[in-house]
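Nothing here was measured: the structure is a model prediction, and the numbers come from that model. All ligand and atom numbering here is 1-based and tracks the order in the structure. Quick note: numbers below take in every heavy atom, side chains included, and nothing from hydrogens, waters or symmetry partners.
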Amino acid sequence: MNIIFLGPPGAGKGTQAVRVCERLGIPQISTGDILRRAIKEGTPTGLAAKAYIDRGDLVPDSVVIDIVRERLAQPDCQKGYILDGFPRTVAQAEALATFATIDKVVDINVDDQKLIDRLSGRRVCLACGGTYHVSQLNGSTKCERCGADLIQRDDDKAETVLSRLTVYHAQTAPLIDFYRERGLLVTVDGALPMDDCFAAILSVLGA
Ligand code: AMP
């Protein structure tokens, strides 16, 4: 099954995508992760993307469309995948439709105040991709899974969070209607506790 996880930053797309991918045995394709890796490795794509990401803006469509087109051509995508964080504009969705057939779009819905709280308290492990909220950590700064240092992403700092939400409402939220009109959209409540949200996603996917 070829699936898109749609939703604002902080809705839990990444966390849920990891779990659902594990359950279904398909890869998670996160454009945010791919771009952050490119920045860390200092590739030309990373260098071009960094300023946009640091401001909370979207990276140009042409850059992310090429990344996803190449990634979906890999053999591990043949039995399905979850796109996490792509598409984020109508132009990206239209381009995607020219090289992929999407079966379901899961919109993970959360209100802005909760998103601000989640994102500004989020801490991530750059070594294994683990994600935490400061309220779970009891002051610890280490990843429970692999022991590496946890960091706050630069774009999770307060002022960048607000611009990411503005960008989401202006450029990405129109995709909800785009996919509803195509009969692909299912919605889950992303404010549910993590396990309940996971169960709701499996249920709407019929998995
Ligand atoms: P994420 O980890 O999905 O929140 O993405 C982090 C940042 O990467 C975003 O704020 C954008 O700057 C950039 N990014 C990720 N995916 C896309 C996309 N599909 N289109 C444009 N920019 C993206």
Legend entry - Asp84 and Lys13 ion-paired at < 4.0 Å: no

Legend entry - Side-chain ion pair, Lys114 and Asp111, N-O less than 4.0 Å: no

Inset, instruction - Please list all pairs passing the side chain to side chain donor-acceptor pair (under 3.5 Å) test where one or both residues lie in residues 38-54, with sequence neighbours left out. - result: Lys50-Asp54

Inset, instruction - Check step by step if side chain to side chain donor-acceptor pair (under 3.5 Å) holds for Thr89 and Asp61. - result: CA-CA 8 Å; Thr89 64; Asp61 287 336; 3.0 Å; yes

Inset, instruction - List, ordered by chain and residue number, the protein residues whose closest non-hydrogen atom lies under 4.0 Å from any atom of ligand 1. - result: Thr31, Gly32, Leu35, Arg36, Ile53, Asp57, Leu58, Val59, Val64, Gly85, Phe86, Arg88, Gln92, Arg153, Asp155, Arg164

Inset, instruction - Identify, with sequence neighbours excluded, every residue that meets side chain to side chain contact (heavy atoms under 4.5 Å, CB included) alongside Ile151. - result: Val124, Leu126

Inset, instruction - Apply salt bridge (charged side-chain N to carboxylate O under 4.0 Å, His left out) to Arg123 and list each qualifying residue two or more places apart in sequence or on a separate chain. - result: none

